[in-house]
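Below is one structure, written out as structure tokens; comments come after it.
Reckoned from all heavy atoms, side chains included, excluding hydrogens, waters and symmetry mates. The residues of the chain are indexed from 1 along the displayed sequence.
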Amino acid sequence: MRWFVSRWLPAALLGLFISYLLALTIFLLQANSLLQQARVTFDEFKVNGITREVQNSLGELIPRAESIRQTAGGPLIQPFIALSGQEDQIELAFNLFDYLAPALPAIADFAGVDEQKRYLVAFQNSAEARGTGGIIGAFAVLNLDKGQIKIERVGSNYILQHQPEIPIKMPQEFVNIYRSDPAIWMNSNLSPHYPYGARIWLALWEKQFAENLDGVITLDPIVLSHLLTVIGPIEVQGKEINSENVVRESLSDAYLRYEEDNMGRKRYLVEIIEGVANAILALDSDKARLAWSLARPILDNRVLLYSTDKEVQETLNNSKISGVMSRQASNEYR
């Protein structure tokens with residue numbers, strides 16, 4: 001026994017240590033190569049936004065990133081990550097990758113790289129909860145056309161007209177549970193299955209404005225707070241709106257300030273949204289930081305996407321950013 005301990009145990013430990021160093025070296029080389037390629041992709045994104053080149057580069061990055069992700073989750077690499085001092089940021093990046101990777105093959109088509117796309121941007125007011133987050137308190141129409149971004153209009157839910165019945169056919173169980181309530185704009189997203197709410201919103205929009213939009217993007221005031229960390233404060237009605245107070249202003253203080261003036265509260269919310277949108281469009285740099293600021297809201301299901309393009313939507317459905325609920329045990333309804 002002593003002979004084994006004195007001779008072979010140190011050799012075994014040395015072998016394990018060498019194996020660990022080898023595995024760590026391979027991981028670091030792979031990670032460095034991936035980061036170099038990702039940096040090139042981000043440089044292209046910062047200059048030109050989402051392009052086919054960015055899309056193609058993402059297509060190459062995804063399988064490599066998946067391999068790195070699996071290696072990083074192993075027992076040899078986890079201690080190194082824990083000692084790096086960047087464990088939280090690395091974990092956030094890995095979680096974001098897991099969340100978004102299945103949707104990335106559709107990102108260029110969704111962003112209107114080859115043809116114009118127009119989206120309803122629904123700002124959910126989580127002070128008045130609904131299945132996907134909150135009522136649609138305000139809206140915008142976003143125009144994406146070959147890298148160019150325009151806000152066509154911004155408005156409050158005051159101008160949105162309800163219908164007596166849901167303007168599209170819905171599954172029978174949906175009808176049994178919600179009946180005709182979702183024909184009212186503010187109740188259209190009673191179901192937590194996001195595509196149902198998005199489809200009803202688009203149908204109501206077409207009924208009122210005779211326009212066929214290409215999909216829906218959903219945000220909320222907490223998303224605005226993260227965006228404001230990059231674009232900085234804005235001024236609305238003589239008051240500074242920043243990352244620290246935008247949620248409180250939108251979901252709490254405005255209700256008190258405009259207790260006797262509901263229309264005034266709605267205008268105030270629209271002006272906040274418009275101010276943030278204009279600040280984003282005026283931002284010449286920091287596109288990568290702006291995109292990264294959405295990481296936590298995306299993981300919290302505060303940013304959701306729906307496309308009327310069947311192929312794009314099928315790709316989005318593989319990712320949680322689609323807001324698709326499991327169809328088992330009627331999870332798309334409750």
Side-chain angles (χ1 to χ4, degrees), residues 62 66 69 92 94-107 109-110 119-137 139 157 160 162-163 165-206 213-223 226 251 294-334:
I62 289 172
E66 287 175 342
R69 175 72 170 108
L92 178 63
F94 283 155
N95 289 339
L96 188 64
F97 175 78
D98 292 341
Y99 191 104
L100 286 179
L104 292 179
I107 197 66
D109 292 314
F110 190 90
Y119 294 101
L120 175 67
V121 182
F123 291 91
Q124 296 192 113
N125 180 348
S126 48
E128 302 181 48
R130 294 296 185 272
T132 63
I135 66 167
I136 176 171
F139 69 87
N157 60 19
L160 300 176
H162 311 314
Q163 296 294 324
E165 299 293 337
I166 302 172
I168 55 174
K169 185 175 177 58
M170 299 300 292
Q172 188 57 49
E173 186 171 0
F174 180 97
V175 176
N176 292 343
I177 295 171
Y178 303 114
R179 302 191 182 279
S180 60
D181 278 357
I184 300 172
W185 272 92
M186 278 72 80
N187 287 336
S188 297
N189 57 335
L190 283 171
S191 168
H193 184 64
Y194 177 68
Y196 286 165
R199 286 173 53 206
I200 295 172
W201 280 335
L202 292 174
L204 289 170
W205 184 274
E206 181 185 359
L213 299 180
D214 294 296
V216 183
I217 302 170
T218 301
L219 312 173
D220 70 6
I222 292 177
V223 176
H226 285 267
L251 302 183
L294 294 175
R296 178 50 59 189
I298 287 173
L299 290 174
D300 289 342
N301 298 313
R302 299 183 184 280
V303 180
L304 299 172
L305 308 180
Y306 176 81
S307 173
T308 58
D309 184 310
K310 289 184 178 180
E311 291 186 6
V312 171
Q313 185 59 30
E314 285 177 4
T315 302
L316 293 177
N317 284 345
N318 296 322
S319 165
K320 293 180 181 178
I321 202 167
S322 68
V324 169
M325 303 291 286
S326 167
R327 291 189 177 277
Q328 294 183 351
S330 300
N331 281 325
E332 71 264 40
Y333 306 110
R334 53 184 176 268

Taking atom CD as the centre, does Glu311 end up with more than 12 heavy-atom neighbours from other residues, nucleotides or ligands that are less than 6.0 angstrom away?
no
Does the Asp300 side chain pair with the main chain of Arg302, one donor and one acceptor, at a distance under 3.5 Å?
no
Keeping the roles fixed (side chain from Thr308, backbone from Asp214), state whether a donor-acceptor pair exists under 3.5 Å.
yes
Approximate separation, where rounding is to 0.5 Å, of Leu304 CG and Ser322 OG
8.0 Å
Can you tell me how far the CD1 atom of Ile177 sits from the CG atom of Leu190, to the nearest 0.5 Å?
10.5 Å
Indicate the atoms forming the closest heavy-atom contact of Glu165 with Ser180, along with that distance.
OE1-CB, 3.5 Å
Determine the minimum heavy-atom distance between Thr132 and Ser191, stating which atoms define it.
CG2-O, 3.4 Å
Are Leu219 and Val303 close enough that some pair of their side-chain heavy atoms sits under 4.5 Å apart?
yes
Looking at Ile166 and Arg179, what are the two nearest heavy atoms and their distance?
CD1-O, 3.6 Å
Under a 4.5 Å cut-off applied to non-hydrogen side-chain atoms, are Phe174 and Pro182 in contact?
yes
So which heavy atom on Ala122 is nearest to which on Val216, and how close?
CB-CG1, 4.3 Å
Approximate separation, where rounding is to 0.5 Å, of Ile135 CD1 and Asn125 CG
5.0 Å
Grab the two heavy atoms, one from Met325 and one from Pro192, that are nearest each other, plus how far apart they are.
CG-O, 3.6 Å
Working to the nearest 0.5 Å, report the span between CD of Glu128 and CG of Asn187.
10.5 Å
d(Ile321 CD1, Thr218 OG1) to nearest 0.5 Å is 10.0 Å
Without swapping roles, check the side chain of Arg130 against the backbone of Ser188 for a donor-acceptor pair under 3.5 Å.
no
Would a distance-only check, ignoring hydrogens and angles, find a side-chain to backbone donor-acceptor pair under 3.5 Å from Gln313 to Ser307?
yes
Tell me whether Asn157 contacts the main-chain N or O of Ile136 through its side chain, where contact means a donor paired with an acceptor under 3.5 Å.
yes
Take the angle between the ring planes of Trp201 and Tyr194 and call it parallel below 30°, perpendicular above 60°, tilted in between.
perpendicular
Quick one: does Ser319's side chain have a donor or acceptor within less than 3.5 Å of a partner on Leu316's backbone?
no
Partner of Arg296 under side chain to side chain contact (heavy atoms under 4.5 Å, CB included), picked from Ile298, Leu294, Leu299, is Leu299
Ile200 versus Met170: any side-chain heavy-atom pair under 4.5 Å?
yes
Passing candidate, ring pair (Phe, Tyr, Trp, His ring centres under 6.0 Å) with Phe139, options Trp185, Trp205, Tyr119, Phe123:
Trp205
Shortest non-hydrogen pair, Asn301 vs Lys320, comes out as OD1-O, 4.2 Å
Let me see the working for Tyr306 and Leu202 under side-chain contact (heavy atoms from CB on, under 4.5 Å), right down to the final yes or no.
CA-CA 10 Å; Tyr306 176 81; Leu202 292 174; 3.9 Å; yes
